[in-house]
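Residue numbers begin at 1 in each chain, while the letters A, B, ... track the order of the sequences.
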Amino acid sequence: MRAATQEIPNASSKSLLRFLTCGSVDDGKSTLIGRLLYDTKLIFDDQLATLEKDSKKHGTTGEEIDFALLVDGLEAEREQGITIDVAYRFFTTDKRSFIVADTPGHEQYTRNMATGASNSDAAVILIDARKGVLTQTKRHSYICALLGIRHVVVAVNKIDLMGHSSQVFERIVEDYLAFAAALGFASITPIPISARYGDNVTVRSANMAWYDGPTLLDWLESVDVDTDLAAKPLRFPVQWVNRPNLDFRGFSGTLVSGAVRPGDKVVVASSAKESRVKRIVTYDGDLAEARAGEAVTLTLEDEIDIARGDVITLSTERPEVTDQFAAHVLWMADEAMLPERQYLMRIGCRYVPARITALKHKVDVNTLQHLAGKTLELNEIGFCNVSTATAVAIDPYVDNRDTGAFILIDRFTNATVGAGMIDFGLRRATNVHRQDLSVNKAARSRIKGHKPAVLWFTGLSGSGKSTIANIIEQKLNARGIHTYMLDGDNLRHGLNRDLGFTDADRVENIRRVGEVAKLFTDAGVVVLCSFISPFRAERRMVRELMAEGEFIEIFVDTPIEECMRRDPKGLYARAKEGKIKNFTGIDSPYEPPEQAEITVHSHHTGAEAAAARILDYLEASSVV
Amino acid sequence: MTKTALEQPSAAARPSPLSAHLRRLEAESIAIIREVAAEFAHPVMLYSIGKDSGVMLHLAAKAFYPSKLPFPLLHVDTTWKFRDMIRHRDQIAERYGVKLLVYVNEEGLARGVNPIASGSSLHTQVMKTEALKKALDTFGFDAAFGGARRDEEKSRAKERVFSFRAAGHVWDPRNQRPELWRLYNTKIRQGESIRVFPLSNWTELDIWEYTRAENIPVVPLYFAAPRPVVNRGGLLIMRDDDRLPLLPGEAEEIRKVRFRSLGCYPLSAAIESNAETLDDIIAEMRASRTSERQGRLIDTDEAASMEKKKREGYF
């Protein structure tokens with residue numbers, strides 16, 4: 001007799017377990033769930049009345065209640081007595097809340113079973129005691145393992161039809177364990193049950209005194225599947241850019257792992273752009289911390305380019321960013337997977353065109369053996385190399401289900417045709433994105449053993465900039481420091497040969513030099529730039545391109561009289577004759593620096609002494 | 001005495017902190033709602049005025065804060081809603097600052113379709129299902145939120161969060177997209193659409209506990225009050241206006257009743273109850289031995305009636 005539950009404890013203290021039931025067709029999955037709902041008092045009186053009526057019409061249990069009819073909701077399913085689709089059921093006990101995915105046994109619905117497994121933390125694998133371990137049992141166990149389920153119950157059902165025999169149970173368990181050992185489950189708990197009569201489902205069976213393990217409900221209420229997502233690296237896929245007005249730019253999304261606080265230094269995985277978290281905004285007020293599972297809106301200190309699909313992470317916890325990776329793919333469409341065909345991949349909040357470049361092997365789910373193959377047919381699983389059109393942030397699926405999983409979509413029909421679990425990123429020489437993005441300036445600098453810097457020599461033509469720069473480069477090179485010389489004349493023969501000496505062209509000349517110098521510093525190199533660069537504004541422009549402390553302005557302060565006397569290229573003479581226009585110091589101004597890091601007077605001290613002073617400065621500021 | 005719609009229904013002065021369970025549900029729903037705003041050109045939120053719609057709208061306000069809802073609400077009005085519901089609807093739209101579209105199937109109205117003369121089945125078909133399809137087509141919506149929950153009914157338990165509808169709004173349960181992880185496939189072609197159910201994993205009790213915790217206004221009809229009803233075949237039908245004729249032998253009587261589920265008034269049966277506050281409702285629910293759809297006259301015709309209606313385009 002059922003007693004009406006008067007008190008359901010407050011849900012607040014309870015944890016949630018999402019699990020699925022799977023196994024071969026007719027193993028009694030729906031019956032088991034119906035039994036669980038019934039025994040935990042989740043069937044309402046009017047539903048029970050409907051059930052009794054339906055049992056007479058469609059039931060397979062004679063005059064008794066057919067619990068399967070509680071969950072087989074679609075008309076086609078009732079007529080055929082099978083479960084076509086995944087049904088989600090909810091029930092609650094004093095200890096836990098449960099979401100059960102009831103998944104199909106028939107082979108053509110294996111994809112639905114995988115769907116149920118993708119959102120579950122534990123699995124109940126049913127085996128018909130009369131039939132033992134079947135192909136579908138193995139397939140479903142493998143899919144559970146592949147989708148990251150760590151804890152399973154092997155429920156040997158219909159044991160009543162085998163006289164509640166311990167020998168039958170033990171033989172099946174032995175078969176199962178022999179197969180499942182290779183799957184790597186953290187725990188496998190075999191339980192003999194009768195879903196129809198309720199033996200060992202929620203109450204211990206009087207028919208099986210030989211069994212001393214937990215009932216199914218005991219296990220469901222106590223299995224520990226908690227993975228502390230908040231302790232993992234921060235992954236915040238940006239779902240929606242929240243821009244109510246020009247003063248607010250927030251990034252809305254759900255933390256799939258990790259935690260974040262205002263002030264944390266964050267980085268956009270794919271662009272490596274950095275900023276700090278300013279606020280964690282919610283409708284209920286700003287938060288001091290957001291943790292895995294929470295849906296929030298982040299604002300940042302800086303205006304950096306972030307769009308839907310980007311992954312925000314902590315600078316110290318970056319995911320791999322790559323356009324090539326290896327993954328297990330489950331094919332879910334009638335039309336076979338073809339290598340090199342373009343599909344649309346969804347990973348996190350990003351859609352990106354993708355191809356499977358190589359099917360390395362297929363997996364025989366009965367034996368777990370690797371088979372050669374050219375394509376993947378419906379319900380087949382293959383280990384593949386995947387290539388995406390642009391680099392994406394990834395984690396191995398075993399580390400993070402959200403950033404390690406993807407689906408593939410047919411570009412014409414938009415059907416979901418494949419599901420993938422990433423194993424690892426592939427490092428390829430041709431993979432420019434990966435090189436650009438995941439090895440940064442600091443990493444390059446580290447292997448060089450010195451910091452990058454720009455030594456910017458400014459001064460009049462003939463002041464001795466190149467002479468001093470040459471001496472310094474020789475000395476640095478002798479000490480094993482990676483250098484490169486950017487010289488005005490050399491650049492004007494190549495990169496800047498389209499530029500003349502008008503003010504506009506001088507500005508553009510310096511802008512290009514600045515950008516080139518920036519690339520070299522990004523490469524970790526000490527760049528020596530020797531340019532008259534007469535205008536303060538352009539020197540400042542280059543300074544601002546560089547990181548703090550990287551730009552070292554060296555004013556080679558040689559009086560124009562001395563320069564004209566030296567005139568190593570005969571330019572002053574030609575300028576005075578009017579053969580060269582816009583010559584600095586003659587008919588174009590030179591703006592001396594106001595706050596150069598170093599000023600040298602090599603016409604007094606000599607070039608060697610000037611170079612020594614500059615080297616002292618580099619040591620003092622620990623560039624070298 | 002009925003309460004005004006926006007009077008705080010709970011004794012609690014401020015929202016109580018949410019339980020971990022409700023926070024989990026809230027975050028999941030917010031993610032689903034944001035997903036639609038990010039991926040679809042013309043989404044709309046179906047607003048039925050009931051408790052589920054109230055929670056869904058509240059979640060949407062949270063999802064986009066500090067932005068306003070980036071889509072309108074749509075109410076398909078059968079012209080047979082309780083008067084309290086219409087009042088509540090207009091006040092809510094004002095309170096949340098959302099654009100409210102109201103659609104009536106004028107063609108059905110002109111044909112004189114109504115729940116009393118035409119029967120519940122035809123009325124629902126023309127004034128709800130057909131009306132909804134016409135409204136979606138008229139405004140060109142490509143995604144529509146609905147407040148349905150998987151715990152409501154068997155065919156709903158198999159519904160996707162993102163439910164694909166072929167051109168003509170057809171739902172084919174055999175041709176739904178597998179929904180793995182949280183990787184919803186939002187891609188559709190011209191003429192196709194998606195129905196989105198952010199409350200899929202909520203139960204009726206969750207809805208009420210959240211409503212209480214967040215102080216979400218609900219239609220006063222959910223609270224017990226003396227109301228004019230007729231007893232028809234064991235079901236208590238409220239006479240919201242004089243369009244409901246009394247059958248021979250029937251008499252209007254005043255009973256203290258409330259509604260667990262709200263629809264068109266001649267199609268929603270009341271239950272006798274003393275639950276005057278949200279706390280009372282939650283206590284009553286916990287002791288309840290009947291499902292909420294029991295009072296919905298449209299579901300009882302045949303076991304698979306919901307699936308049939310869904311195939312035709314009902315929510």
Side-chain angles (χ1 to χ4, degrees), chain A residues 4-8 10-12 14 16 44-47 50 53-54 70-71 73-76 78 84-90 97 99 111-112 114-115 118-119 239-240 242-244 248 252-254 281-283 293-295 297 308 332 344 346 349 401-402 405-407 409 414-416 419, chain B residues 15 18-24 26-31 34-35 37-38 61-68 150-151 153-158 173-174 176-189 192 200-201 203 205-206 209 286-291 293-294 303-304 306-308:
Chain A
T5 40
Q6 295 298 327
E7 278 299 315
I8 296 176
N10 196 324
S12 58
K14 282 191 281 187
L16 171 74
F44 293 120
D45 291 346
D46 57 318
Q47 291 173 325
T50 309
K53 199 172 77 190
D54 287 359
L70 268 177
V71 286
L74 302 177
E75 225 166 33
R78 296 183 194 208
I84 293 172
D85 219 319
V86 190
Y88 293 94
R89 295 281 157 190
F90 308 83
S97 297
I99 299 180
R111 60 180 192 174
N112 301 58
T115 302
S118 75
N119 288 314
Q239 204 182 1
W240 188 70
N242 196 333
R243 189 117 222 221
F248 187 95
S252 298
T254 302
V281 179
T282 78
Y283 179 91
E294 294 184 325
T297 298
R308 171 170 162 86
M332 302 191 290
L344 191 62
R346 174 161 189 176
C349 294
R401 277 199 191 187
D402 286 280
F406 60 87
I407 57 170
I409 297 166
N414 290 322
T416 303
Chain B
L18 293 177
S19 69
H21 176 65
L22 290 179
R23 280 208 308 275
R24 206 158 41 217
E26 179 187 72
E28 179 185 73
S29 300
I30 285 174
R34 285 173 174 169
E35 194 60 29
K62 287 197 171 194
F64 302 111
Y65 177 86
S67 293
K68 293 274 184 205
R150 283 174 176 156
D151 82 324
E153 202 271 339
K154 269 182 284 195
S155 67
R156 294 245 199 248
K158 311 215 164 182
R174 285 180 187 252
Q176 289 297 309
R177 297 164 172 179
E179 213 158 61
L180 291 105
W181 302 289
R182 286 173 262 189
L183 295 175
Y184 304 114
N185 177 351
T186 55
K187 297 296 173 189
I188 54 168
R189 289 183 290 185
E192 298 169 342
S200 286
N201 290 331
T203 64
L205 186 60
D206 294 330
E209 290 190 332
R286 284 178 166 164
S288 168
R289 294 304 315 147
T290 54
S291 73
R293 298 207 78 81
Q294 193 202 23
M306 180 64 89
E307 181 189 349
K308 203 167 150 193

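If you tally non-hydrogen atom pairs under 4.5 Å between each of A:Thr282, A:Asn242, A:Asn119, A:Thr254 and chain B, the highest count goes to A:Asn242. When A:Ala415, A:Cys349, A:Pro244 are compared by the number of non-hydrogen pairs under 4.5 Å with chain B, A:Pro244 comes out ahead. Considering only heavy-atom pairs separated by less than 4.5 Å from chain A, the leading option among B:Glu192, B:Glu26, B:Glu35 is B:Glu35. Per-residue counts of heavy-atom pairs under 4.5 Å with chain A were compared for B:Ala27, B:Ala61, B:Pro178, B:Ala37; the largest is that of B:Pro178.
For B:Lys62 and A:Glu294, the salt-bridge test fails: no basic side-chain N is under 4.0 Å from an acidic carboxylate O.
For B:Ser200, the part lying under 4.5 angstrom from a heavy atom of chain A is the backbone only. For a residue to count as touching a neighbouring chain, one of its non-hydrogen atoms must lie under 4.5 Å from one of that chain's; by this rule A:Thr416 touches chain B with backbone and side chain alike. Using a 4.5 Å cut-off between heavy atoms, A:Arg308 contacts chain B through its side chain alone, with no backbone atom that close. Residue B:Leu22 does not touch chain A at all, counting heavy-atom pairs closer than 4.5 Å.
Of all heavy-atom pairs spanning A:Ala419 and B:Leu180, the tightest one is CB-CD2, 3.8 Å. In terms of heavy-atom proximity, B:Leu183 sits nearest to A:Ile407 at O-CD1, 3.3 Å. A:Thr115 and B:Glu179 make their closest contact through CG2-O, 2.8 Å (heavy atoms, listed as atom of the first residue, atom of the second, distance).
No more than 12 heavy-atom neighbours from other residues, nucleotides or ligands sit within 6.0 angstrom of CZ on B:Arg182.
B:Ala63 meets the side chain to side chain contact (heavy atoms under 4.5 Å, CB included) test with B:Ile30, B:Ile33, B:Arg34; sequence neighbours excluded.
Interatomic distance, A:Tyr88 OH to B:Asp151 CG, rounded to the nearest 0.5 Å: 15.0 Å. Note: B:Lys187 NZ to A:Leu344 CG = 6.0 Å, rounded to the nearest 0.5 Å. Atom CZ of B:Arg150 is separated from atom CD1 of A:Ile99 by 8.0 Å, given to the nearest 0.5 angstrom.
Residues A:Trp240 and B:Phe64 have side chains in contact (heavy-atom distance under 4.5 Å, counting atoms from C-beta outward). B:Tyr65 places none of its side-chain heavy atoms less than 4.5 Å from the side chain of A:Thr297. Residues A:Asn414 and B:Arg189 are in side-chain contact: their nearest non-hydrogen atoms beyond the backbone lie under 4.5 Å apart.
Residues B:Trp181 and A:Phe406 keep their aromatic ring centres 6.0 Å or farther apart.
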